[in-house]
Amino acid sequence: MKVTVKEDLSLKDFYNVVFRKNEVVLDNEFLKRVEESFDFLKKFSANKVIYGVNTGFGPMAQYKIDEKDTIQLQYNLIRSHSSGTSNPLTEKYVKAAMLARLNTLGLGNSGIHASVVKLMRDLLNNDVVPLIYEHGGVGASGDLVQLAHLALVLIGEGEVFYKGKRQATEKVFEQLGLSPIKVKLREGLGLMNGTSVMTGVGIVNTIYTNRLLSWSIKCSSAINEIVEAYDDHLSVELNASKKHKGQIEVARLMRNHLSDSSLVRNRDEHLYSGTNTEKVFKEKVQEYYSLRCVPQILGPVYDTVENVSKVLIEEVNSANDNPIIDVKKKHVYHGGNFHGDYISLEMDKLKLVVAKLSMLAERQLNYLLNSKLNDKLTPFVNLGTLGLNFGMQGAQFTATSTTAENQMLANPMYVHSIPNNNDNQDIVSMGTNSALITKKVIENAFEVLAIEIITIVQAIELLGFSDKVSTATKKMYDDIRAIVPAFKEDLIMYPFVNEVKELLINTEE
C-alpha cells in the first residue's frame, strides 16, 4: 500500500507509514507548491532583509550576512545545532517526526528546495532512520536541536540507523545511491524551525495510549467477572444520565466485552428480588470504586486522547516555520509559528490521564492481591502453598513503584519555561520534553498493565472460571497463557512480565 502526501495527513496515514511501513508518495500538487514557494522566495529576497536568508539567527539576526556567505550560513546553523544528548530516539518516533516535517514543508510556506522533501521521502521508504537524540531543543523556535540532526543527515553528514546498525550517513547513502541535498536558499532554517519532532513523538504517543486504553477496558471487564459484580454500573441508563462521550463509550465497550459472560450478575435477580432477609449482607452491595467507576475514570482518558489527536493533526497540517512564505499574496511574514505550546499542553494532558490509567490498574491489582478486600482469592493470588510460595507478591512491588514514578512524571512541563538564547527565547514551550516524558509514562503504564493482566489470568485459574468468562476475556486468558504458564511454584517473573508487556504494546486494535 501507499500513502500519498498531498495536503492533509490523518492519524491513519501516520499509522500506515510509521507502524505498517507503507510507501510514501509525493503528489504532483505537493511538489508544485514546494517549487513555487522556493522560486518566489528566491526572487523576493533579492533586495530585502529576510530573516534566516540574509541575516544571522536568533539574537544574531541584527547582523546582515554578505551574499557570498548566505549558503555557508545554513550549513553553519545545521552543524552548530547538532548538539543533542541522551538516548537516540527509536525508529517509530523518528519516522513520525520526519513525516510531520515532510508534510509541513509541502504546504508551500517554507521556501525550501524540492530536493529536501524528495530525499526525506527516500529515507522513509528505505528505512533509513536519522540519529536524533532525545535531549535538545526547548520547543520555542521549534525542535531546533533535534531537527538539526535530521538536517545533518540530509546534507550527507552525521549518522543513521540502517538495517539494525548505527552507521555513517555517507556510507549508507553510497549503498542506496542517494545524494545529499545542496543548500540553495534557507534549507537549514526551513528544516529546523518547527514543531515536527514533538508532534511526531506525540502522534506515536496517542497511538500507544489508545492501545493502553483498550487493554485497561479489557482488564477492568475481566475483574468484574472475577468478583461476579453486578452489571448495572455499566448500564446504558446509568451512563447516559451523564453527557460525557468518553464515559458512555467506555461503558458500551465493557458491556460488549461482557455480553456473553456467565459471571456478571443482574441486580434484579438478587438484591431486588424481595427475598433478602439478612441484617448484614455477606456479599457486597456495591463494588469498590476501581471496579464500579471505570467508565467515569477511563471516560476522561478516552475524551482526552480524542482531543489530543485532533490538536496534533492540526499541527501536522499547519505551517510551523518562520518566516512564513505566502506565494499568493507575494509576501513574507515574520512571526512565531514554530512555538510549541499547543503540543506541550496536549502532551501534559495526555501524560496526566495515562498516569491516572496506571493508577487505576495498580488499584485493581491491589484489590486482586489483597484477600481481605476481595474476600474471594488467596493472598497475592497464590496458587501454591501459603507461606512457602509468594504468587504475585514480588511483582506488585514493581507495579507500585512504577505507578509512583508515573505520578511524579505527570507534573506539567508546559509551565516550566526557562529563558535562553540571550533571552531572545524568553518564554518557551518545552514541548519535546513534555512529549518524551509522556512517552516514558506510557511505557511505564504498559508495565503496570502487564503485571495486572498476569494476575487476572492467575485469578481466573484459581477460581476455575476459564469456561465461564466471556469470549473476549477467554481470548485474553489464552493469549497470556501462551506466554505465562499457570504456576504454583514460584517463577522468575521478569521474563514473563517483559514478554507480556511487548504483547500489549504490539497488539493492534
Side-chain angles (χ1 to χ4, degrees), residues 1-20 22-38 92-112 114 116-118 120-121 124 139 141-143 146-147 150 189-207 209-210 304-329 333 335-347 349-350 429 431-432 434-435:
M1 289 184 64
K2 298 179 180 180
V3 171
T4 301
V5 183
K6 183 176 181 179
E7 190 168 7
D8 285 347
L9 287 179
S10 66
L11 201 61
K12 184 177 180 181
D13 292 328
F14 273 86
Y15 187 83
N16 286 335
V17 172
V18 174
F19 285 77
R20 294 184 173 170
N22 286 183
E23 181 184 355
V24 174
V25 177
L26 305 181
D27 184 80
N28 288 334
E29 286 296 316
F30 176 97
L31 289 171
K32 183 181 177 183
R33 284 198 304 270
V34 173
E35 290 163 357
E36 288 177 347
S37 177
F38 173 81
K92 287 184 174 63
Y93 300 93
V94 175
K95 283 191 166 185
M98 289 171 66
L99 184 59
R101 196 81 206 127
L102 171 67
N103 188 65
T104 192
L105 291 175
L107 297 175
N109 298 117
S110 296
I112 54 95
V116 174
V117 292
K118 289 178 181 178
M120 290 175 73
R121 171 202 61 194
L124 284 166
S141 285
D143 303 303
Q146 286 94 344
L147 285 173
L150 169 60
L189 187 63
L191 280 163
M192 293 166 54
N193 239 185
T195 60
S196 301
V197 172
M198 65 178 81
T199 306
V201 173
I203 286 172
V204 177
N205 284 345
T206 61
I207 290 169
T209 302
N210 272 316
T304 300
V305 176
E306 280 215 332
N307 189 66
V308 169
S309 300
K310 174 178 175 290
V311 173
L312 288 169
I313 290 301
E314 286 174 347
E315 186 73 20
V316 162
N317 294 313
S318 300
N320 47 75
D321 198 347
N322 179 55
I324 294 297
I325 317 304
D326 191 325
V327 177
K328 289 182 179 178
K329 292 194 173 182
Y333 299 92
N337 276 7
F338 48 50
H339 208 280
D341 262 32
Y342 270 105
I343 306 305
S344 182
L345 179 58
E346 295 307 310
M347 287 298 98
K349 292 177 184 176
L350 192 65
S429 75
T432 312
S434 183

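When every heavy atom of G194 is checked against every heavy atom of L147, the shortest pair comes out as O-CD1, 3.5 Å. Closest approach of M120 to L150, counting heavy atoms only: CE-CD2, 4.0 Å. Closest approach of V204 and A96 over heavy atoms only: CG2-CB, 3.7 Å. Contact detail for M347 and S434: the closest heavy-atom pair is CB-OG, 3.2 Å. Closest of all the heavy-atom pairs between S196 and N320 is OG-OD1, 4.1 Å. Summarising the geometry of G108 relative to S37, their closest heavy-atom pair is O-OG, 3.1 Å, with the distance given to 0.1 Å.
Under the 4.0 Å criterion applied to side-chain N and carboxylate O atoms, E346 and K349 are assigned as salt-bridge partners.
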>> Pair I325, F38 - check side-chain contact (heavy atoms from CB on, under 4.5 Å), show working.
In response: CA-CA 9 Å; I325 317 304; F38 173 81; over 6 Å; no
> Given the rule in the side-chain contact (heavy atoms from CB on, under 4.5 Å) test, do D321 and L107 qualify, once you have shown the distances and angles that lead to the verdict?
Replying inline: CA-CA 11 Å; D321 198 347; L107 297 175; over 6 Å; no
> Do R101 and D143 pass the side-chain contact (heavy atoms from CB on, under 4.5 Å) test, and can you show the C-alpha distance, the side-chain angles, and the key distance before you say yes or no?
Replying inline: CA-CA 11 Å; R101 196 81 206 127; D143 303 303; over 6 Å; no
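Among the candidates L105, V117, N193, the single residue satisfying the side chain to side chain contact (heavy atoms under 4.5 Å, CB included) test with S110 is L105. Results of the side chain to side chain contact (heavy atoms under 4.5 Å, CB included) test with R121 over V24, V5, V25 single out V24 as the only residue that passes.
Inter-residue side-chain proximity for V34 and L26 is flagged as unmet; no heavy-atom pair is nearer than 4.5 Å. Two residues are said to be in side-chain contact when any heavy atoms from C-beta on lie closer than 4.5 Å; L9 and I313 fail this criterion.
No side-chain donor from either of N307 and T304 sits under 3.5 Å from a side-chain acceptor of the other.
Between the side chain of S429 and the backbone N or O of G139, at least one donor-acceptor pair lies under 3.5 Å. A donor-acceptor pair is defined here as one N or O able to donate and one able to accept, closer than 3.5 Å; no such pair exists between the side chain of N322 and the backbone of S141. The closest donor-acceptor contact from the side chain of S344 to the backbone of G340 lies at 3.5 Å or more, if one exists at all. Put simply, the side chain of T104 gets close to the backbone of S318: a donor and an acceptor are under 3.5 Å apart. The backbone N or O of V316 lies less than 3.5 Å from a partner atom in the side chain of N103, making a donor-acceptor pair. In this structure a side-chain-to-backbone donor-acceptor pair under 3.5 Å is present from N337 to A319. Of the possible donor and acceptor atoms, none in the side chain of N22 sits under 3.5 Å from a partner among the backbone N and O of K2.
To the nearest 0.5 Å, atom CG of residue L11 and atom OG1 of residue T206 are 4.5 Å apart. Within the model, atoms CG of L99 and CZ of F14 stand 4.0 Å from one another, a figure rounded to the nearest 0.5 Å. Of the inter-residue distances, the one linking M198 atom CE with I343 atom CD1 reads 7.0 Å to the nearest 0.5 angstrom. K6 contributes atom NZ, which lies 9.0 Å from atom CZ of R33 (distance to the nearest 0.5 angstrom). With rounding to the nearest 0.5 angstrom, the OG1 atom of T199 is 13.0 Å from the OH atom of Y342. Taking CG of D27 as the start and CD of E7 as the end, the distance is 9.5 Å to the nearest 0.5 Å.
The neighbour count for F30 CZ, taken as heavy atoms of other residues, nucleotides or ligands under 6.0 Å away, is above 12.
Among pairs with a residue in residues 305-319, those fulfilling salt bridge (Lys or Arg N to Asp or Glu O under 4.0 Å) read K245-E306, K310-E314, at least two apart in sequence or across chains.
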